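The structure appears below as structure tokens.
Since the model is a prediction, treat every value here as computed from it, not as a measurement. Proteins get letters first, then strands, A, B, ... in listed order; numbering begins at 1 in each.
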Amino acid sequence: MIEVNDLSKRYGEKLAVDSLSFAVRPGVVTGFLGPNGAGKSTTMRVIMGLDRPTSGQVRVNGRSYAQLKAPLREIGALLEAKAIHPGRPAYHHLLSLAASNGIGKGRVLDVIDMVGLSEVARKRAGGFSLGMGQRLGIASALLGDPRIVMLDEPVNGLDPEGVLWIRNLLKSLAGQGRTVFVSSHLMSEMALIAEDLIVIGRGRLLAAGPIADFIARASSRGVRVRSPQAAGLRALLLGEGVTVTNAEPGVLEVTGLDPARIGERAAAAGLVLHELSPREASLEEAFMELTRDAVEYHATTDALATAGRTNR
Amino acid sequence: MSTTTLTRPAGDPRVTPSRVLRMEWIKFWSLRSTIFTLAITALLTIGIGSLISGLVGSGDGGPGQNDFGDPASISLAGAMLAALATAALGVLMSTGEYASGMIRATLAAVPARLPVLWAKATVFAAVSFVLMLGTSLVAFLAGQAILSSRGFDSVTLADPGVFRAVVGAAVYLTGAGLIGLAVGALLRNTAGAITTVVGALFVLPGLVQLLPASWGDTISPYLPSNAAGSFMAVEATSPSLSAWSGLAVFAGYVAVLLAGAAVLLKRRDA
Ligand SMILES: Nc1ncnc2c1ncn2[C@@H]1O[C@H](COP(=O)(O)OP(=O)(O)O)[C@@H](O)[C@H]1O
Ligand SMILES: [Mg+2]
């Protein structure tokens, strides 16, 4: 369990994280989504006790990071690829970290095996590819068999096989009841692995909740109606909670009414329809819209509702 | 490739100072550059000491024996230069972690942070002191053998102040490394830290010579390398502190820099 409470982090003039609150629950993969520069890595560094919050707090398994007696056994993180001295063999890198938390050699060999680096473990890490470095980072995150695993952009720069491997790994970790928190700037990636989603932009929370809700909201964004009597139809449909815009001559974009109701009303008024189609926004579009308007929205945990409403 | 847990890490789940020492011990010995640098230091100390012992007083215009001070100092002269290597090693122990980003993994493993600095300093000081004591003994014995074979004065460890000078060379080599380690932790940048340490240990004494004599002579003995020089020499050549005051001043530099590094390590974002 990770809890972030009204967290802000300022670097000089730059407010990297702005009054951010969320919780990450165990048993599912939680995606941490936001465009580059949104504050994801900063938030993760604060969670790991590496950067000091300007205000607010973070709790890891109910305690502040500094209070963890053997942190690697509670939370394992991959913060940046290849955060390892290039001259040191992978095995010794892991062995040294393990030693600090009283984790034995046997476990080091196991995690090396788990991530498939047994062949190269005695080689100096400077020669590792990005993918191997990423696997090594994951090995170090898993060293203490932690209940929380946190990975910052783990699929960046990986080949398709590596991406698949990480997806399966994350799902299996969550399946074991662990808290799995993964950042990405790609909605498409999140859609494949995450069950819960936390979306931030410019350091602020934009949305949080099950990804299923997000998908549902994203795909009910309006109905496209084509009619030779568009003006009359428009007048007919307008009402409480309904917006109608003229996308192009003879075409209306209607929100607030489902296609069935629009069709029934048109039929009742004897208006001709040439097209009646629900406009499905892709997840990526929904994400873009959410983050583009970052500053207009206010941080609430049910900001998903805001995302679904068309602001015109 | 299995993704499931194979073994639960056993043992008492706690970060302890001895475990942090073990971490730093493993890091120290798992870099080839560490071993290489230690070997260079030993070679420089012994090689230069032997070279100067073999050259003093030879040729008409060449340096006379007295230009280098007492026989012990002549054989230990290499330590002054070799301190460059230990200082660089100390710098790299700190900055190497910042350059690679390893520091984040280290501090995430040891959130109290300060044990990491103490452990680094302890591992470095222990290893360096043992190796450098051996090195300075070899340099001393080789130097004296060369001097006496050439018919010059030589001394033994039993002579007054000689043993202190031999141990002093190991203290200086180790202390220079600790200064490097602390400056590296303060600046977190290899080039900047090496420049700073080289400047303070090797360039500053020369610059102070350029000051008006009354100032220079007052300040000079308190510079780190000159303070160290006072406990590495059997007899003082230029205006200098007593051996013990010199040791106290030198230790003071090491302590203040390490304390500064500790304060910033605790305070700064990693
Ligand atoms: N150490 C730092 N010093 C100054 N600015 C920083 C620092 N770290 C991050 N920032 C700034 O904070 C913002 C958030 O960055 P980051 O957390 O890396 O975003 P993300 O991981 O979502 O791409 C960016 O504008 C970045 O430039
Ligand atoms: Mg980032």
Side-chain angles (χ1 to χ4, degrees), chain A residues 9 11 45-46 48-52 64-77 79-89 91-93 95-104 106-107 110-111 113-116 124-125 137 140 142-145 165 168-169 171-173 176, chain B residues 1-37 92-93 95-116 119-120 123 265-270:
Chain A
K9 176 65 186 176
Y11 297 106
R45 283 199 303 275
V46 173
M48 294 303 288
L50 295 169
D51 282 19
R52 187 192 296 270
S64 79
Y65 196 90
Q67 290 172 320
L68 301 179
K69 295 228 170 348
L72 299 188
R73 293 165 184 258
E74 306 214 27
I75 179 167
L79 289 187
E80 57 217 295
K82 298 194 81 178
I84 167 172
H85 196 297
R88 187 173 285 123
Y91 169 71
H92 291 96
H93 171 79
L95 192 67
S96 70
L97 292 173
S100 68
N101 277 236
I103 298 162
R107 176 67 187 173
D110 284 347
V111 293
D113 194 44
M114 223 184 272
V115 302
R124 298 198 289 165
S140 88
L142 298 179
L143 260 184
D145 193 15
W165 177 73
N168 291 334
L169 174 73
K171 282 184 180 153
S172 94
L173 288 170
Q176 293 162 6
Chain B
M1 197 171 357
S2 151
T3 55
T4 50
T5 302
L6 300 177
T7 44
R8 267 213 88 87
D12 173 26
R14 218 152 38 86
V15 177
T16 62
S18 69
R19 284 176 170 165
V20 180
L21 266 180
R22 226 185 112 52
M23 164 166 79
E24 291 304 326
W25 180 263
I26 295 167
K27 283 191 207 165
F28 187 83
W29 290 113
S30 56
L31 286 181
R32 272 190 232 164
S33 57
T34 305
I35 296 159
F36 183 72
T37 313
L92 287 171
M93 273 183 81
T95 58
E97 294 222 10
Y98 285 97
S100 61
M102 169 81 186
I103 190 69
R104 301 232 165 90
T106 299
L107 297 183
V110 185
R113 295 191 178 192
L114 295 190
V116 173
K120 275 190 198 300
V123 166
L265 178 64
K266 195 79 183 168
R267 186 178 294 168
R268 284 196 291 212
D269 288 342

Residue, of B:V110, B:I103, B:L21, B:L31, that accumulates the most heavy atom pairs under 4.5 Å with chain A: B:L31
Considering all heavy atoms, the nearest A:R88-B:S30 contact: NE-OG, 2.9 Å
Partner chain B: residue of A:I75, A:L97, A:V46 with the largest heavy-atom pair count (under 4.5 Å): A:L97
Check against side chain to side chain contact (heavy atoms under 4.5 Å, CB included), B:S100 and A:H93: CA-CA 12 Å; B:S100 61; A:H93 171 79; over 6 Å; no
Proximity breakdown for A:K171 and chain B, heavy-atom pairs closer than 4.5 Å: neither
Chain A contact via B:A105 - which portion, at a heavy-atom distance below 4.5 Å: both
From CA spacing to verdict: side chain to side chain contact (heavy atoms under 4.5 Å, CB included), B:V15, A:R73: CA-CA 10 Å; B:V15 177; A:R73 293 165 184 258; over 6 Å; no
Shortest non-hydrogen contact between A:P71 and B:A108, atoms and distance: CG-O, 3.3 Å
Most contacts with chain A, counted as non-hydrogen pairs under 4.5 angstrom, among B:G101, B:A270, B:A109: B:A109
Trace of the side chain to side chain contact (heavy atoms under 4.5 Å, CB included) decision for B:R32 with A:R124: CA-CA 10 Å; B:R32 272 190 232 164; A:R124 298 198 289 165; 3.5 Å; yes
Over all atoms of both residues, closest heavy-atom pair of B:D269 and A:R52: OD1-N, 2.8 Å
Heavy-atom proximity to chain B below 4.5 Å, by part of A:L68: backbone
Atom group of A:Y11 that falls short of 4.5 Å from chain B, counting heavy atoms: side chain
Shortest non-hydrogen contact from B:I26 toward A:A99: CD1-CB, 3.9 Å
Residue among B:M23, B:R22, B:E24 satisfying side chain to side chain contact (heavy atoms under 4.5 Å, CB included) with A:S100: B:M23
Student check: side-chain heavy atoms of B:R104 and A:M48 closer than 4.5 Å: no
Straight-line distance of B:T106 OG1 to A:H85 NE2, nearest 0.5 Å: 11.0 Å
Which atoms of A:L50 approach chain B - backbone, side chain, both or neither, heavy atom under 4.5 Å: both
Minimal non-hydrogen separation, B:M102 against A:S96, with atom names: CE-OG, 4.1 Å
